[in-house]
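Structure first, then comments.
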Amino acid sequence: MTTVQLTSKDFKSNLKPIWCPGCGDFGVVQGIYRALASIGRPPHEIAFVSGIGCSSRIPGYTTAYGFNTVHGRALPIAQGIKLANPELLVLVAGGDGDGFSIGGGHVPHAIRRNPDLTYLVMDNQIYGLTKGQLSPTSACGLKTVTSPHGAIEHPVNPLLYVLSYGAGFVAQATPADMAGMTAIIEEAIRYPGFSFVNVQSPCVTYGEDHQQVKAHRTAMKTLASMGHDPSDRMRAFELASHYGEQLYTGVFYRNPNPPPTYGALVKERQAALAGGLPRERILESFIQR
Amino acid sequence: MTTQTESMHPPATDLVIGMAGSGGDGIVSAGESLIAAAAAEGYHAMMTKSFGSQIRGGESSCRVRIGTSALHNPGGILDVAVALNWEDFLRFGAELPVSSQTVVIYEKATNVAPDQLPLGGVHPTDVFAVPIEEIARKAAGTDLAKNTVVLGLLAGWFDLAPDAILRGIRKRFAKKSAELVQNNEKAFQSGIDYAKANPLRQARPLARVSRSTAGLMLLDGNDMCAAASLFAGCEFFGGYPITPSTEIMQYLSREIWRYGGAVLQAEDEIAGIGAAVGASFAGKKSMTATSGPGMSLKTEMLGLASIAELPLVVVNVMRGGPSTGLPTKPEQSDLFQAAFSGHGDVLRPILAPTSVADTFRVTVEAFNLAEHYQTPVMILSDQEIAQRKETVDAIDTSRFEVLHRRVPTGAELESYERFRATESGISPISHPGMQGGNYLAAGIEHNDKGDPTVSGKIHARMNEKRFRKLDPLRHRQDLFAIEGDADAPLALIAWGSVAGVCRESLARVRASGLRAKLLVPTLLWPIAEGVYQDFLASVQAGLVVELSHQGQLYRMLRMQVDVPRGLKSLTRSGANPFLPSEIAQRLEQLAIDLQSRVSDQKGEG
Ligand SMILES: Cc1ncc(C[n+]2csc(CCOP(=O)(O)OP(=O)(O)O)c2C)c(N)n1
Ligand code: SF4
């Protein structure tokens with residue numbers, strides 16, 4: 001593992017983002033560059049994994065090893081990467097549809113394994129890439145091209161979802177507050193275990209007015225300003241339950257005593273069991289005696 | 001008297017025993033004892049198990065074949081049938097076929113008269129209604145020892161390695177208590193005594209073998225696949241339990257850590273293959289294993305591994321389908337799925353093992369192909385091979401080459417392009433941690449560098465590259481076994497577990513004077529047209545034998561190879577095993593038809 005002096009520029013790739021002008025994801029990628037620069041791991045030691053969606057384009061805009069996978073499956077793939085090479089810094093990103101609809105079944109299992117990786121969801125309450133359909137975090141009643149008469153289902157609450165499965169680090173951010181978002185992403189990466197940041201990243205093309213960056217600036221309220229103690233898990237549940245009504249930003253919950261990570265336990269097991277028959281003699285255990 | 005019968009009937013070189021009972025009867029563990037004892041004596045032995053669908057207590061059966069020379073399949077009609085009760089025995093139908101040559105041993109308490117056996121008109125040579133339960137109670141004080149009595153009966157009647165069986169019994173029960181050892185010894189001896197007191201009409205002792213048992217192994221196909229993966233350097237396995245593939249994951253869950261690797265029991269098959277794809281991206285050899293329904297879930301990820309050019313080994317242990325189908329029985333019905341279920345223009349190599357021993361070679365080959373060509377490779381095994389236990393002669397692993405993916409050199413990393421166009425189509429592959437190798441792997445089409453594109457021109461070029469790199473596969477003659485008479489007019493083509501049946505059928509027809517040959521492809525896909533064309537050049541009539549309703553390889557051959565009109569498909573749904581004798585008879589019939597056609601033509605001349 002290396003840490004070196006790096007700047008945001010070192011993490012910016014030559015690919016020009018194809019996002020719509022004004023898309024919240026532009027801010028998110030800037031925040032990631034800054035957070036990574038501050039962490040100081042060189043790009044080749046970082047694996048940045050995503051699913052499919054506008055937001056999932058993000059690894060390609062960094063100089064890290066990127067893997068733009070298939071819709072909803074970034075977390076399992078990222079866990080394989082982390083297990084294969086625990087030294088890597090592994091970042092996972094995607095949209096709300098990617099993470100809480102098609103990929104929703106993977107989230108609890110990533111949490112219960114507690115790999116040391118950071119999961120950023122760019123939550124825009126809509127399907128961007130496929131042009132404006134209902135998403136699992138869309139508000140009830142929302143009219144979209146697939147809910148032209150208004151949605152009759154209720155949204156998933158991503159914060160409660162991950163909190164209740166036992167994630168050790170749960171936060172929310174918005175690119176409307178670049179400094180705050182950057183600090184949260186950095187803290188999430190530094191957390192030793194599964195960390196989750198729900199970034200309210202507006203879709204300028206299909207999103208609602210009250211979900212835009214400008215509206216966020218006035219609506220947001222930092223948890224710090226409310227004196228929230230991030231080690232208080234019960235209070236975190238209470239605050240998180242206001243998702244969709246109140247835009248709280250900051251760290252809802254940080255486990256003050258992080259348990260051993262999946263990787264650490266795997267390493268322990270490998271060390272404890274090391275020294276089997278050499279691979280070329282593996283069949284000897286089947287010899288009849 | 002004995003010497004006289006023995007001179008009239010030379011000792012058997014091969015014995016097939018089928019046993020069935022309820023789950024608690026210990027039929028399968030009796031089978032295990034038998035093959036272990038046979039192996040210890042130097043015999044070639046094989047055991048297949050078959051179960052009803054209940055987890056515990058349902059009917060279970062096993063078929064044990066013991067021979068003095070190499071065995072290729074679990075055998076045809078039973079020489080010996082053991083029924084602890086008839087209901088369970090009959091549930092296995094065609095899996096336990098009997099004839100008038102079969103010796104039948106059954107539990108007397110079933111109250112079936114020896115001349116009233118429910119075996120469809122068969123009058124076996126010898127029928128023994130044995131009070132098995134009663135003997136067990138008397139000798140061991142419990143009917144749990146029924147299976148040990150059965151072992152005694154078999155040892156007594158067929159001279160089946162009684163000392164080795166006894167050693168096995170002692171070893172097995174020593175862990176529990178001295179009393180159990182004693183009781184089972186008694187039960188075993190009572191079985192032998194019963195057999196001695198009630199001799200067969202014709203003694204059928206199994207001939208002795210004298211060969212070194214050094215290095216002789218006894219294992220099933222799933223364990224072989226898992227162990228071979230470790231030999232090939234597998235460091236990661238992601239999967240989700242499904243019959244009949246689960247033992248691969250179970251073995252690796254025990255062993256892989258010793259080699260610095262890891263197993264992830266995923267939340268579903270998608271995550272299992274996903275994690276394996278991730279590990280491969282991170283530079284490690286990785287594998288996933290499943291059966292048909294799980295394979296359906298994994299399919300999207302196969303496309304990703306193909307376009308991102310990531311090495312990956314995917315095992316499908318086939319069972320009867322579709323859906324839950326016959327989860328505990330073999331079938332060869334997932335070949336279409338393996339070849340065609342992906343989206344987009346894509347080619348994935350498919351390999352099939354024909355036996356437990358062969359599973360070693362095929363698994364190592366799968367890893368080599370995956371690593372060398374940077375592609376997912378499928379292994380199509382089936383329930384029979386995966387769960388049948390057989391003796392395997394020592395394998396000299398130093399004869400097997402293990403290939404690794406081609407990583408970029410230091411110089412290449414200075415101006416690295418992940419998907420650079422090369423003559424072979426194979427581009428050096430970097431992985432995270434490698435400075436200068438940074439790239440974006442993606443399911444999206446990309447240019448040489450790896451940058452996303454929607455250019456039709458680049459897409460065409462990349463498709464061409466991904467196909468071109470696999471071209472040499474079509475010329476891998478060594479991935480095909482051809483046996484028999486090179487210029488024979490009669491032919492068999494078979495793959496997977498059925499190949500072993502056809503090997504024996506071929507030997508039979510050739511022994512009867514026919515000129516015939518057999519082609520066994522290890523490489524099922526892509527179709528190596530040249531190999532088939534050469535093989536078929538002399539063929540006027542033949543059979544592609546497959547354990548499936550459709551005959552999927554036959555249909556794929558019809559798509560791509562100019563097959564002679566006389567080459568037909570012989571198929572049967574799973575769990576209805578082919579018998580070596582019946583395929584031999586079919587071939588003989590084809591030979592007769594050919595003859596009469598020739599003489600008809602002459603007559604017309
Ligand atoms: C298996 C599969 N199903 C559907 C799609 C189509 N698809 C691509 S992205 C997407 C949803 C995008 O929404 P979200 O994940 O919220 O990301 P966003 O584009 O809003 O950033 C869908 C339905 C796909 N690529 N793959
Ligand atoms: S559609 Fe929405 S989410 Fe997608 S790039 Fe445009 S603004 Fe961003």
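Below, chain A is the first sequence line, B the second, and so on; all start at residue 1.
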- Item | Per-residue contact mode, A:A64 against chain B (heavy atom under 4.5 angstrom) | backbone
- Looking only at B:G238, B:A40, B:G215, B:A228, the option with the highest number of non-hydrogen pairs under 4.5 Å against chain A is B:G215
- Note on the structure: So, the part of B:I35 with a heavy atom under 4.5 Å from chain A: the answer is neither
- Item | Electrostatic pair A:E87:A:K267 at N-O distance under 4.0 angstrom | yes
- Message: Would you compute the distance between atom CZ of A:R57 and atom CD1 of B:I444 and round it to the nearest 0.5 angstrom?
- Response: 3.5 Å
- Message: Show, in sequence, the C-alpha distance, side-chain angles and deciding distance for B:F419 and B:I307, and conclude whether the side chain to side chain contact (heavy atoms under 4.5 Å, CB included) test is met.
- Response: CA-CA 10 Å; B:F419 302 100; B:I307 196 168; over 6 Å; no
- Query: Looking at A:L88, A:N85, A:N14, which makes the most heavy-atom pairs under 4.5 Å with chain B?
  - Reply: A:L88
- Item | Leading residue by heavy atom contact count with chain B [cutoff under 4.5 Å; candidates A:H71, A:Q79, A:R73, A:R113] | A:R113
- If you tally heavy-atom pairs under 4.5 Å against chain A, which of B:M224, B:R258, B:E267 wins? B:E267
- Message: Regarding B:R405 and B:E371, does a basic nitrogen lie under 4.0 Å from an acidic carboxylate oxygen?
- Response: yes
- Side chain, backbone, both or neither: which part of A:L283 has a heavy atom under 4.5 Å from chain B? both
- Task: Might you point out which heavy atoms bring B:T391 and B:A39 nearest each other, and give the distance in Å?
- Result: CG2-CB, 3.5 Å
- Query: Do the ring planes of A:Y119 and A:F194 sit parallel (below 30°), tilted (30 to 60°) or perpendicular (above 60°)?
  - Reply: tilted
- Between B:F236 and chain A, which part of the residue has a heavy atom less than 4.5 Å away: side chain, backbone, both or neither? side chain
- Query: Is there a donor-acceptor pair closer than 3.5 Å between any side-chain N or O of A:S201 and the backbone N or O of A:D25?
  - Reply: yes
- Message: Shorter than 4.5 Å, heavy atoms on both sides: which option in B:S398, B:A262, B:A394, B:G260 has the most such pairs with chain A?
- Response: B:G260
- Query: Is it the backbone or the side chain of A:R112 that comes under 4.5 Å from a heavy atom of chain B, or both, or neither?
  - Reply: neither
- Item | Top of B:G450, B:A214, B:A276, B:C234 for chain A proximity - count of heavy-atom pairs under 4.5 angstrom | B:C234
- Message: Check this for me: A:E284, atom CD, are more than 12 non-hydrogen atoms of other residues, nucleotides or ligands nearer than 6.0 Å?
- Response: yes
- Query: Checking A:Y262 against chain B: side chain, backbone, both or neither under 4.5 Å from a heavy atom?
  - Reply: side chain
- State, to 0.1 Å, how close B:N438 and A:T63 come at their nearest heavy-atom pair, and which atoms those are. ND2-O, 2.8 Å
- Query: Non-hydrogen atoms of chain A under 4.5 Å away: do they reach the side chain of B:Y259, the backbone, both or neither?
  - Reply: both
- Task: Could you have a look at A:A84, A:P278, A:P108, A:G66 and say which one has the most heavy-atom pairs with chain B under 4.5 angstrom?
- Result: A:G66
- Would you mind telling me which of A:R281, A:K82, A:E280, A:H106 has the largest number of heavy-atom pairs within less than 4.5 Å of chain B? A:H106
- Message: Which residue is it: B:I256, B:L252, B:V364, B:V313? I am looking for the one with a side chain to side chain contact (heavy atoms under 4.5 Å, CB included) to B:S229.
- Response: B:L252
- Message: With chain A as the partner, which of B:A282, B:A279, B:P452 has the greatest number of non-hydrogen pairs under 4.5 Å?
- Response: B:A279
- Query: What part of B:F360 gets closer than 4.5 Å to chain A, counting heavy atoms only: side chain, backbone, both or neither?
  - Reply: side chain
- Residue among B:V277, B:D223, B:I395 with most heavy-atom pairs under 4.5 Å to chain A: B:D223
- Item | A:D98 side chain to A:I52 backbone, donor-acceptor under 3.5 Å | yes
- Task: Let me know if A:L277 has heavy atoms under 4.5 Å from chain B in its side chain, its backbone, both or neither.
- Result: both
- Task: Anything under 30° is parallel, anything over 60° is perpendicular, the rest tilted; go ahead and classify A:Y191 against A:F169.
- Result: tilted
- Check whether B:L216 gets within reach of chain A through its side chain, its backbone, both or neither, counting any heavy atom under 4.5 Å. backbone
